[in-house]
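Okay, so here's the structure we're looking at.
As a basis for the values below, the full set of heavy atoms in this structure was taken, side chains included, without hydrogen atoms, waters or symmetry mates.
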Amino acid sequence: MSAEAGAAENSPAPSGAEGAVGLGTSAQTAEAESGPRRPRKRDIWLHILRSSTRPKSVWSPMVEGLLGSMLVLLGSFGVGWLVSVSPLSRQPWIIAFRTETVGVVVATIALTLGCWVMLRAWLRLGRVLENPDPSQQWPTRSLRTVNAAVVLWSLPQLIAIPIFSRDVFAYLNQGRLVLAGQDPYTTGVSTLDNWFQLGTDILWAESETPYGPLFLWLEAAVMGVAVDNPDLALFLFRLACVGGVVMMMVFVPKLARIHGIDPARAQWITLANPLLIISFISSAHNDAIMVGFALAGVYAAAHGRGVLATLLVVVSIGIKPITIVLLPFIGLLWAGPGASWSRKFSYWFLTAGIAAAVMITIGLVQGYGFGWLAVLAGTGTGSVFWSPIGIADGWLGTLLRSFGLDSGWTLEVFKVAGRILSVIVVLWLMFRGDEKFIVQRMVWAFTALVVLSPIIQPWYLLWLLPLFAITGIRKDWQFKWVVFTIIFFLAFGASDQLSIYQFLGLDQQMLALSITVSWICIIWLTLLDRQTRWVVWDGWGLPAVRWEWPTLRGRRAAETPKNTDDDAAPVQLAAGAPAKPTTRQVAGQVSGPISGPVSDPVARATAEPGGEETTPGAR
């Protein structure tokens with residue numbers, strides 16, 4: 001359902017009619033015949049609240065997104081992560097921007113506000129491109145428009161100082177570890193000279209790398225080229241991540257077409273949203289490379305090229321080992337439809353054999369063996385408060401402490417339970433399920449590993465979002481959940497890691513300032529902005545709403561003139577004699593092939609579809 005249709009469906013008639021607004025029903029005729037009725041203020045304001053508008057052209061959101069990206073770029077110069085040995089740290093205007101209170105405040109506001117301007121542009125772009133007919137795909141050339149928006153909004157982030165995360169600085173020192181002949185799977189970066197000056201978080205000082213063996217070679221190659229120039233190294237890592245984003249731009253539409261999903265809409269949901277642009281380009285997370293090769297592997301497997309698909313997924317595993325969960329489903333796709341169990345097992349063994357042979361060869365050449373497997377088996381340290389394991393640990397720990405009992409064991413128990421449960425889910429989806437939905441089963445297996453982990457970083461959503469987009473995200477609660485998740489992680493990311501000099505003492509103040517700006521923008525976008533609040537109000541498939549106090553309803557019923565005609569009393573109709581509908585009955589009808597009272601939820605659901613038409617594989 002289009003946003004405008006949803007707004008009309010969910011909005012009460014200003015004239016007090018009980019029928020759906022804008023459907024041209026006989027309710028309007030009935031109301032006109034019974035005389036004009038004074039509009040009720042309560043209904044009018046509800047209609048105004050739910051109404052929304054559409055941009056007139058694509059240029060408005062395109063320019064707006066560029067403006068938001070420029071604001072993020074400006075804010076990064078003040079509160080982004082800049083290493084002390086960088087030549088930029090000696091520029092007078094950057095020094096003033098980072099060391100003066102006014103500069104830090106302006107940078108914090110610019111960074112946070114820029115994120116929400118980009119989000120608004122993203123929502124408005126989808127609004128102007130969508131087809132008013134929910135059963136139809138977006139207009140021709142929409143995919144080109146979305147791709148142009150992604151490129152335009154990403155360009156400023158190529159030169160931004162890293163924000164939202166400083167994992168990219170760990171890449172620098174891990175590359176130095178490889179060049180120094182040390183094993184990053186057993187040795188922390190603290191063994192290197194001047195490691196702290198390259199901006200690596202102290203948490204990495206004694207920690208082993210969680211990345212795959214192929215990414216270690218990439219890290220070493222970048223540091224071999226950049227040598228002592230950290231800015232060049234960051235730019236090269238960012239270019240590598242851009243390569244991953246380009247792969248996503250190529251394969252998301254291709255995979256969407258295979259599943260009967262609108263490629264332009266899938267591209268818009270996946271690539272144009274600000275969380276992906278910031279996390280994969282501004283932050284330069286290697287997850288972009290991992291996802292790009294994973295999608296390429298799924299596409300090759302869907303076309304029966306199993307060897308190529310396995311090799312592409314192995315490259316993805318070589319970046320981050322988590323995508324090893326895709327291999328069993330690559331084997332199922334390779335085996336083809338209607339495969340017997342013997343054929344499935346044969347292709348499982350063949351897929352595993354190819355992957356193992358490649359990884360063993362890499363381990364022997366590199367000299368690190370299977371250190372990446374130990375990293376994959378680990379569950380990390382600590383938890384985040386929004387993960388299911390973190391929530392369960394918080395509740396149980398609080399309960400135990402309230403009774404004076406020890407709660408130090410709860411997190412480890414939940415971590416092990418989560419890992420076991422995720423393995424069970426993966427095995428179940430490997431062996432059970434319709435063979436027409438192998439990709440969907442793969443998506444949920446991958447989701448189980450992510451959701452049941454104690455650590456869920458904001459960019460982990462971007463591992464799953466492309467896979468859900470290519471198999472179908474409906475315009476109802478599913479898309480609303482995507483937007484909610486992006487909003488949550490944008491607000492968290494904008495306030496979580498701000499690089500502020502300690503002597504200023506503004507850490508907590510800037511955290512509060514960023515959160516305040518985010519809340520103001522969220523309220524504006526979801527409740528007040530007529531071009532974005534459709535995300536909240538439209539697409540629920542709910543019946544029309546009429547607000548009326550019970551006392552007012554009783555008074556209105558008392559004021560209604562009673563029919564004194566004795567012949568109007570109820571009579572038993574003869575068989576086959578049609579009854580003349582009353583004004584109230586006519587007003588409650590919906591025109592169309594299926595009619596029924598609006599108050600009847602079953603008839604309403606049948607008469608008015610509440611979302612995008614589902615296609616096989618969209619669930």
Side-chain angles (χ1 to χ4, degrees), residues 3 6-7 10 45-46 48-55 60-61 64-72 74-76 79 105-128 153 163-165 268-269 272-279 282-283 384-387 391 456-462 465 473 475-498 508-540:
N10 291 328
W45 282 109
L46 182 59
I48 293 174
L49 180 64
R50 286 187 171 183
S51 64
S52 57
T53 58
R54 180 188 300 270
S60 176
E64 183 181 27
L66 178 61
L67 174 62
S69 186
M70 295 295 292
L71 284 173
V72 172
L74 175 65
S76 73
V79 293
V105 170
V106 170
T108 301
I109 295 176
L111 174 66
T112 308
L113 184 61
C115 294
W116 300 112
V117 173
M118 291 181 69
L119 180 76
R120 184 175 188 268
W122 173 60
L123 294 175
R124 293 178 68 232
L125 180 65
R127 176 75 162 164
V128 73
W153 300 347
I163 55 175
F164 276 40
S165 169
W268 169 69
I269 292 176
N273 80 77
L275 184 63
L276 184 137
I277 293 174
I278 293 175
S279 297
S282 311
S283 303
V384 292
F385 68 88
W386 58 75
S387 69
I391 294 172
I456 303 177
Q457 299 290 5
W459 52 92
Y460 289 8
L461 166 68
L462 305 175
L465 185 58
I473 295 176
K475 297 181 182 179
D476 51 14
W477 65 268
Q478 294 184 356
F479 178 68
K480 297 178 191 299
W481 179 254
V482 170
V483 175
F484 166 78
T485 309
I486 291 174
I487 286 176
F488 174 81
F489 284 132
L490 273 181
F492 173 79
S495 62
D496 178 47
Q497 295 193 35
L498 299 174
Q508 294 304 312
Q509 290 89 330
M510 293 304 99
L511 172 65
L513 176 62
S514 178
I515 293 175
T516 301
V517 172
S518 291
W519 269 114
I520 293 173
C521 293
I522 291 171
I523 293 173
W524 173 263
L525 293 174
T526 58
L527 299 179
L528 302 177
D529 192 339
R530 295 185 65 188
Q531 295 200 19
T532 58
R533 63 189 179 195
W534 57 269
V535 176
V536 175
W537 292 108
D538 297 354
W540 292 104

(message) Show the nearest heavy-atom pair for residues P61 and A121, with the distance to one decimal.
(response) O-CB, 3.3 Å

(message) Could you check whether any side-chain N or O of W122 sits under 3.5 Å from a backbone N or O of W268, counting only pairs where one atom can act as donor and the other as acceptor?
(response) yes

(request) Working to the nearest 0.5 Å, report the span between CD1 of I520 and CG of L113. (result) 10.0 Å

(message) Testing the basics here: between K480 and V536, what is the closest heavy-atom pair and its distance to 0.1 Å?
(response) NZ-O, 3.7 Å

(request) State, with a plain yes or no, whether a side-chain heavy atom of V483 is found less than 4.5 Å away from one of T526. (result) no

(request) Taking all non-hydrogen atoms of both residues into account, name the closest pair between L462 and S279 and its distance. (result) CD1-CB, 3.7 Å

(request) Mind checking the CG-OG1 spacing from L511 to T516? Nearest 0.5 Å is all I need. (result) 9.0 Å

(message) For the CG atom of L490 and the CD1 atom of I522, what is their distance to the nearest 0.5 Å?
(response) 8.5 Å

(message) If I compare all heavy atoms of F385 with all of I391, which pair ends up nearest, and what's the gap?
(response) O-CG1, 3.3 Å

(request) Ignoring hydrogens and angles, tell me if any N or O in the side chain of T532 forms a donor-acceptor pair with the backbone of L525 under 3.5 Å. (result) yes

(request) Identify the heavy atoms of V72 and M118 that sit nearest to each other, and give their distance. (result) CG2-SD, 4.1 Å

(message) Using 0.5 Å steps for rounding, measure from the CG atom of D529 to the CZ atom of R124.
(response) 8.0 Å

(request) Verify the distance criterion only: is there a donor paired with an acceptor across the side chains of T112 and S514 at less than 3.5 Å? (result) yes

(request) May I ask you to check whether F484 and W386 place their ring centers less than 6.0 Å from one another? (result) no

(request) Report the C-alpha separation of L498 and L111 in whole Å, then their side-chain angles, then the decisive distance to 0.1 Å, and conclude whether the side-chain contact (heavy atoms from CB on, under 4.5 Å) test is met. (result) CA-CA 10 Å; L498 299 174; L111 174 66; 3.8 Å; yes

(message) Run L276 and L465 through side-chain contact (heavy atoms from CB on, under 4.5 Å) and show every step you take.
(response) CA-CA 10 Å; L276 184 137; L465 185 58; 5.9 Å; no

(message) If I compare all heavy atoms of I277 with all of W153, which pair ends up nearest, and what's the gap?
(response) CD1-CB, 3.9 Å

(request) Check whether any side-chain heavy atom of L275 sits under 4.5 Å from a side-chain heavy atom of W459, and report yes or no. (result) no

(request) Starting at OG of S387, measure out to CD1 of I456 and round the result to the nearest 0.5 Å. (result) 5.0 Å

(message) For a 4.5 angstrom cut-off between non-hydrogen side-chain atoms, does V105 reach M510?
(response) yes

(message) Let me confirm one number: the SG-CD1 distance from C115 to I486, rounded to the nearest 0.5 Å.
(response) 12.5 Å

